[in-house]
Amino acid sequence: MPAYIEQFRLPRYREIPDVGLYLDQTVKYINRFLTPLGCMEITSSMVSNYVKKGYISSPVHKQYDAEQIAYLFFISVAKSVLSMENIARLFTMQKRMYNAEIAYDFFCDELENMLQYTFGLKEQIDEVGTPEDRSETKAMLRSTIIAVTHIIYLSSRFEQMKTAEAPADAP
C-alpha cells in the first residue's frame, strides 16, 4: 500500500487561499495536492477551457477564488470517471441543496474516507454527513468517488507490479 494514501488530505474550503490565485498558481496549487494520486492533473489550458465552456465562472482580474478552486478540485478528480456534461449536472444538483463550502468539504471527507477504505487502511466505510443529509446528490457523489478510488487503487497496484517486474539492472 502506498504511504501517500495514509497522509493524503485535501485542503478544506476555508484553507484554500482566498486572496485569489492567477491561472498558473491555481494549476500548481491543485496539482500539488492531486499529483500523489497519480492519475489526475490539471493544466492551464484545461482550466481555460472549463471557464470558456461555463463549467466554472470567469476569474475576476485574472484571479481564481476559493469557490472556483474548489470546483476545479472536484473536476480534476471526477473527470476520470464522468463526462464534463455529467459533472455539470452534479454541480447543478449540488447548487440546489448546498453551498460550495459544504459541498466541497463533504467531497473532501468522502474522498479521503473512500481512499482509506479502498486501500485497506480501515475495515469499513465511515458514514460521512448526517442521516438527515441523505440525498440523490450525495449518493451520486459517493458513487463517483467510489469509482475514482478504484481507478486510483488499480493504477497504484499495476504500477507496483510494473516496478516489481522490471529487471534489477534496468536504467
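- Comment: Arg9 does not engage Glu112 in a salt bridge, judged by the lack of any side-chain N to carboxylate O separation of less than 4.0 angstrom.
- The closest side-chain heavy-atom distance from Lys162 to Glu159 is below 4.5 Å.
- Electrostatic pairing of Lys122 and Asp126 counts as a salt bridge here, judged by a charged N lying under 4.0 Å from a carboxylate O.
- The existence of a salt bridge linking Arg12 and Asp109 is confirmed by a sub-4.0 Å separation between a basic side-chain nitrogen and an acidic carboxylate oxygen.
- Phe74 pairs in a ring-ring contact (aromatic ring centres under 6.0 Å, His included) with only one of the listed residues (Tyr104, Phe91, Tyr50), which is Phe91.
- Within the 3.5 Å criterion, the main-chain N or O of Ile42 finds a donor-acceptor partner in the side chain of Asn31.
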Verdict with reasoning, Thr35 to Glu41, per side-chain hydrogen bond (donor to acceptor under 3.5 Å, both in side chains): CA-CA 6 Å; Thr35 297; Glu41 285 197 2; 3.2 Å; yes
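- The closest side-chain heavy-atom distance from Tyr98 to Phe106 is not below 4.5 Å.
- Between Met97 and Thr137, the shortest heavy-atom contact is SD-OG1, 3.5 Å.
- Nearest heavy atom pair, residue Ile16 against residue Tyr29, reads CA-OH, 3.6 Å.
- Under the 3.5 Å distance criterion, the side-chain polar atoms of Thr118 are left unmatched by any main-chain donor or acceptor of Leu115.
- Judged by distance alone, with hydrogens and angles left aside, the side-chain atoms of Asp105 form a donor-acceptor pair with the main-chain N or O of Tyr13 at under 3.5 Å.
- Taking OH of Tyr55 as the reference point, atom CG of Leu72 lies at 13.0 Å (rounded to 0.5 Å).
- Side-chain contact between Ile145 and Val81: absent, with no pair of heavy atoms (C-beta onward) separated by less than 4.5 Å.
- A cation-pi contact, defined as under 6.0 Å to the ring centre and within 45° of the axis, links Lys95 to Tyr71.
- Considering CD of Gln25 and OG of Ser44, their distance stands at 11.0 Å, rounded to 0.5 Å.
- When side chains are defined from C-beta on, Ile75 counts as touching Ile56, because their heavy atoms get closer than 4.5 Å.
- Within 6.0 Å of CZ in Arg14 there are 12 or fewer heavy atoms belonging to other residues, nucleotides or ligands.
- Smallest separation of non-hydrogen atoms from Ser58 and Gln68: O-NE2, 3.1 Å.
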Steps toward side chain to side chain contact (heavy atoms under 4.5 Å, CB included) verdict (Cys108, Leu111): CA-CA 5 Å; Cys108 292; Leu111 179 62; 6.0 Å; no
Check against side chain to side chain contact (heavy atoms under 4.5 Å, CB included), Glu67 and Glu101: CA-CA 8 Å; Glu67 184 171 322; Glu101 181 177 355; over 6 Å; no
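- Contact detail for Val148 and Ala78: the closest heavy-atom pair is CG2-CA, 4.4 Å.
- The backbone N or O of Ile152 lies less than 3.5 Å from no partner atom in the side chain of Ser155, so there is not a single donor-acceptor pair.
- A heavy-atom distance below 4.5 Å is not found between the side chains of Lys62 and Leu23.
- Distance alone, capped at 3.5 Å, places no donor-acceptor pair between the Gln7 side chain and the Tyr4 backbone.
- Nearest heavy atom pair, residue Arg142 against residue Met114, reads NE-CE, 3.2 Å.
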Trace of the side chain to side chain contact (heavy atoms under 4.5 Å, CB included) decision for Leu90 with Ile87: CA-CA 5 Å; Leu90 273 178; Ile87 290 172; 5.7 Å; no
